[in-house]
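First the structure, in the form of structure tokens, and then the observations on it.
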Amino acid sequence: MSDTRFDPSSADARWQSAWEEAQTFRANSASEKPKSYVLEMFPYPSGRIHIGHVRNYTMGDVLARYKKATGHEVLHPMGWDAFGMPAENAAMEKGVHPGAWTRANIDHMKSQLKQLGFALDWSRELATCEPDYYGHEQALFLDLYEAGLVYRKKSEVNWDPVDMTVLANEQVIDGKGWRSGAEVEKRKLSQWFLKITDFAGELLEGLGGLENWPDKVRLMQENWIGKSKGLEFSFDLSNGERLPVYTTRPDTIFGASFVAVAADHPVAHSAAADSAEAQAFIAACKRGGTTAAEVETAEKLGYDTGISAKHPFTGADLPLYIANFVLMDYGTGAIMAVPGHDQRDFEFATKYGLPIRRVVAPAINDADKPFDGEAEAGEGVIVNSDFLDGMEVEEAKREIIGRIEKQGRGEGRTVWRLRDWGVSRQRYWGTPIPFIHCDACGVVPAPKDSLPITLPDDVDFKTPGNPLVRHPTWKHVDCPSCGGKAERETDTLDTFVDSSWYFLRFASQPADKPFDKDEIAKWLPVEQYIGGIEHAILHLLYARFWTRALERIGLIDVEEPFASLFTQGMVTHETYEQADKTGRVLYFAPDEVERRTDTATLKADGSPLAIGRVIKMSKSKKNVVDPDTIVDTYGADAVRWFMLSDSPPERDLPWSEAGIEGCSRFVHRLWRLFSTYEAEAKGADKTLDRRTHQTIAAVAEDIEALGFNKAVARIYELTGAVEKATPSASRSQAVRTLVQLVAPMMPHLAEEAWATIRGEGMVADAPWPEVDPALLIEDEVTIAVQHKGKLRDTLTAPKGTTKGDLEAMALASDKVQRSIDGAQIRKVIVVPDRLVNIVT
RNA sequence: GCCCCUGUGGCGGAAUUGGUAGACGCGCUCGACUCAAAAUCGAGUUUCUUCUGAAGUGCCGGUUCGAGUCCGGCCAGGGGUACCA
């Protein structure tokens with residue numbers, strides 16, 4: 001083997017073409033091998049590959065290569081989540097067509113991914129913005145419509161009155177449009193919805209079977225779906241109407257001191273009919289953003305309608321308010337308010353001087369205990385509540401529900417927090433919704449043989465609003481039902497729809513239908529799905545729903561799309577800041593900065609910079625590191641190794657120049673070690689054999705658990721051991737093993753070394769080294785000896801030494817005796833093969 | 001606001017079901033090699049200390065023979081919050 005340096009700039013490209021030529025990573029669905037579908041969340045083609053993508057795809061790549069080595073037929077595809085707002089923003093700002101912009105980005109990013117040597121099956125590449133993808137999505141949408149899972153209803157959007165356009169939540173800043181600066185209004189539009197609430201129970205139950213999902217994601221989804229049992233009952237109003245309200249705390253009914261409805265509630269509208277003041281209040285509620293965070297943090301405001309509601313048990317007249325914190329979408333859009341035991345009601349009652357009554361207390365004789373400036377939402381004993389006094393919360397709930405049901409005034413009801421999925425977007429760059437509006441026939445589904453309904457190319461973004469609405473011809477069609485003049489739906493689908501079934505299309509790509517059921521059965525569910533924690537709720541819940549919906553209508557046999565889920569952390573970087581003359585903070589990019597151990601200066605003029613917090617890379621903070629530059633400098637393997645080292649994959653990874661240099665040094669250190677390989681060396685080295693086999697087993701275990709940082713640490717340890725070992729057959733074997741252990745992580749280096757050591761075949765096709773179980777067992781263990789829980793000594797004993805012997809050995813220790821100092825021994829705790837604790 | 005997560009040396013972190021806190025890497029210090037430097041190799045590196053030990057895993061408290069790990073209460077940072085993807 002030559003002793004030249006490893007040169008990534010030639011080796012990387014050479015092996016990348018070798019894999020491509022041999023179609024090494026092409027998935028064969030006809031294979032007899034067990035199937036393994038490894039998938040990372042596909043990227044949005046924003047322009048350039050981000051270092052976070054590199055981390056995500058490196059993790060998936062290691063797993064995919066490992067699965068292949070362990071005898072699996074692996075499907076590891078890549079595609080593009082290619083519809084979305086940034087393409088339209090680029091169109092408005094730079095005058096490029098969203099499609100041209102997106103496709104150019106895809107080309108560039110694809111070449112970037114190829115430079116990293118990922119083991120991807122590019123033959124299955126797809127982009128959601130192409131008609132051969134979204135046409136099938138339109139067909140699926142029509143199938144769901146036929147099954148009754150799609151409907152239309154009016155729903156609120158953020159309306160920018162100057163730009164005459166609908167704004168996304170992120171485009172509303174402090175209640176104003178991001179471009180126009182105009183005060184945003186809530187406006188109601190007719191929109192398309194998917195009946196995800198039909199699946200609320202299933203989606204909740206299904207979480208129980210997802211054992212290989214992180215607990216935190218299951219918990220977040222559970223809370224999002226938000227099943228709650230409560231009571232719906234009606235108040236008799238002083239105007240003769242009945243008002244149904246919903247509460248999850250019927251046990252606190254005697255603490256109700258007012259009743260409130262949402263600003264959008266019919267009762268609010270009728271109250272406003274003859275009151276300018278009420279109309280003004282409702283209008284005020286409609287200003288500002290639509291997000292839950294804004295609604296919940298806004299100051300609690302109300303309008304007293306003058307109507308009163310009769311309490312069903314006390315007969316008291318409670319005032320009826322219109323309140324800005326009551327949500328029309330949850331329950332009945334009306335509540336009974338119990339200030340003592342709900343924080344929002346407490347704040348409201350404090351502001352409007354309404355009574356705050358205690359009806360739950362720590363104990364029965366705490367009935368008069370005052371509140372400490374906030375509501376008490378917890379458990380306790382019911383007090384001041386007539387026939388409920390002394391009951392526990394749950395018991396009281398049952399009692400009230402029973403009495404209300406007997407009165408015929410309401411009933412116990414399960415309510416979900418989950419709302420139906422609104423999929424209409426008033427934008428151009430998305431999947432056209434396949435429906436036609438006809439004055440005579442109403443809303444008519446587009447015939448399936450008219451699919452794909454493609455986007456028109458000749459659009460402009462110079463005027464605000466949806467180009468599909470303005471287009472001179474696109475929307476004008478004949479009604480498929482009566483043949484008369486009609487118009488296409490101009491809304492497009494939420495891009496979350498695109499990402500709710502792409503994993504099915506990867507597995508099977510017929511031209512005439514979205515996928516083939518039998519092919520889906522071969523590959524699905526995805527064995528391991530990897531992506532960012534930011535998708536814990538929306539994307540993952542929508543994909544689960546879409547899969548279940550397709551299963552319900554018989555298109556597939558899979559209920560859950562992702563058997564295992566892994567959520568990775570972000571890649572972060574420190575910021576470099578300097579205040580300008582006006583005190584405004586300016587940020588500088590890493591390549592403009594001279595970074596020393598504790599200080600940083602600006603390359604341009606040598607002025608000192610403040611080193612800011614380590615945060616998620618973002619353009620505005622200028623702390624973005626470009627993967628191209630570092631791949632050019634250090635090679636793909638060093639970058640991949642850095643992505644896997646040190647930080648646990650679920651946590652954030654701080655990027656550092658020193659770190660990547662260390663990784664690069666290790667690549668070359670390994671190369672030097674590989675070049676010491678002696679095929680003919682003789683003799684056995686038992687200790688080294690043991691370490692080699694222990695490392696094979698441990699690295700395999702770590703990769704399967706996606707604990708890449710631990711696998712990396714073990715490879716460092718074995719490397720150090722092999723370097724120190726004298727030549728022997730064992731050492732040569734250890735070197736070969738090391739090549740294979742690093743192959744999933746540093747595939748280019750490994751191929752280069754494999755070619756010189758083995759001479760034939762590629763390491764990418766080689767089976768994972770076998771473990772001799774006999775070599776995994778240690779015969780000696782170190783025992784910790786503690787006195788009163790503090791370490792005093794350690795001793796070495798044969799594995800399996802009896803408790804009695806260990807105790808005797810511990811007591812024989814000088815250090816232990818000195819610590820005990822003649823005191824009476826009360827107890828000795830012995831954990832075999834681990835420790836002895838002497839208690840005096 | 002609400003839901004979820006995280007917090008361990010100078011830094012990234014390791015530590016089966018509660019059982020030797022700091023593996024491994026980075027950085028730093030010293031040494032070897034060199035005319036010199038880079039690269040490489042070797043040794044050291046939680047803090048304090050009377051050199052015997054003591055303290056120590058964000059803070060306060062609890063359970064236990066024993067707590068980074070379990071429980072209660074805080075603090076700080078992060079993710080999501082239904083039209084960013």
Side-chain angles (χ1 to χ4, degrees), chain A residues 5 41 43-44 46 81 83-86 155 157-158 166-172 191 196 214-224 226 290-298 325 329 343-344 347 417-427 494-496 499 532-539 541-542 567 569-570 572 597-598 613-616 645-648 650-654 656 658-663 665-666 668-669 672 709-710 712-717 720 723 782-794 818 826-829 831 834-840:
Chain A
R5 264 172 85 81
M41 291 177 185
Y44 176 78
S46 56
D81 187 13
F83 275 138
M85 267 195 331
S155 169
V157 294
N158 299 307
V166 175
L167 299 177
N169 286 334
E170 81 161 2
Q171 296 173 316
V172 179
Q191 309 206 59
I196 191 172
D215 288 343
K216 60 177 171 183
V217 175
R218 291 197 287 179
L219 242 180
M220 280 190 268
Q221 291 211 354
E222 188 182 321
N223 291 335
W224 184 262
T290 58
T291 72
E294 281 170 312
V295 173
E296 297 273 337
T297 52
F325 67 95
D329 292 322
Q343 185 58 26
R344 290 164 301 183
E347 286 169 30
R417 209 186 74 98
L418 183 68
R419 306 201 297 260
D420 274 337
W421 176 12
V423 293
S424 281
R425 298 293 180 270
Q426 295 69 39
R427 288 190 242 288
D494 179 5
T495 57
F496 274 126
S499 54
I533 184 66
E534 68 273 19
H535 294 294
I537 295 173
L538 294 181
H539 162 58
L541 192 63
Y542 291 147
T567 55
M570 299 176 299
T572 57
T597 309
D598 300 312
R613 280 198 308 126
V614 175
I615 53 170
K616 178 179 177 171
S645 305
D646 292 353
S647 285
E650 68 277 12
R651 263 201 251 167
D652 290 350
L653 169 68
S656 82
I660 181 69
E661 278 171 15
C663 291
R665 278 204 298 274
F666 184 63
H668 294 292
R669 180 176 153 203
R672 283 194 304 277
N709 57 322
K710 289 186 248 174
V712 162
R714 299 195 197 275
I715 288 170
Y716 274 117
E717 281 174 302
E723 281 170 340
T782 309
I783 306 290
V785 184
Q786 298 177 336
H787 173 218
K788 290 197 284 192
K790 287 198 187 293
L791 184 72
R792 295 298 162 189
D793 201 2
T794 58
R818 222 182 308 147
R826 292 189 317 177
K827 201 171 171 186
V828 178
I829 290 141
V831 182
R834 272 204 176 271
L835 87 137
V836 179
N837 187 15
I838 294 153
V839 186
T840 56

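To find a chain, count down the sequence lines: A is the first, B the second, and so on, and within it residues start at 1.
Taking atom P in both U16(B) and G68(B), one finds a spacing of 13 Å when rounded to whole Å. Comparing G13(B) with U6(B), their C1' atoms sit 14 Å apart, to the nearest whole Å. On the P atoms, A76(B) is 22 Å away from C71(B), given to the nearest whole Å.
On a pure distance criterion of 3.5 Å, a polar donor-acceptor pair joins the side chain of Gln426(A) and the base of C83(B). Side-chain to base pairing of Gln191(A) with C83(B): one donor and one acceptor N or O lie within less than 3.5 Å of each other.
Base contact: Leu418(A) has a heavy atom under 4.0 Å from a base atom. If you check every strand for non-hydrogen atoms under 4.0 Å, His535(A) touches a base. Contact annotation for Phe325(A): no contact, since no heavy-atom pair falls under 4.0 Å across all strands. Using a 4.0 Å heavy-atom distance criterion, Val712(A) is classed as making no nucleic acid contact. Nucleic acid contact for Arg826(A): none, since no nucleic acid atom lies under 4.0 Å from a heavy atom of the residue.
Set against G66(B), C26(B), G80(B), the side chain of Asn837(A) has G66(B) as its closest nucleotide. Listed nucleotides: C83(B), A21(B), G1(B). Nearest to the side chain of Ala292(A): G1(B).
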Query - Bracket notation of RNA chain B in which parentheses pair within the strand, [ ] cross earlier pairs, and | pairs with another strand (Watson-Crick or G-U, under 3.5 Å) - result: (((((((..(((......[....)))((((((.......))))))(((....)))..(((((..]....))))))))))))....

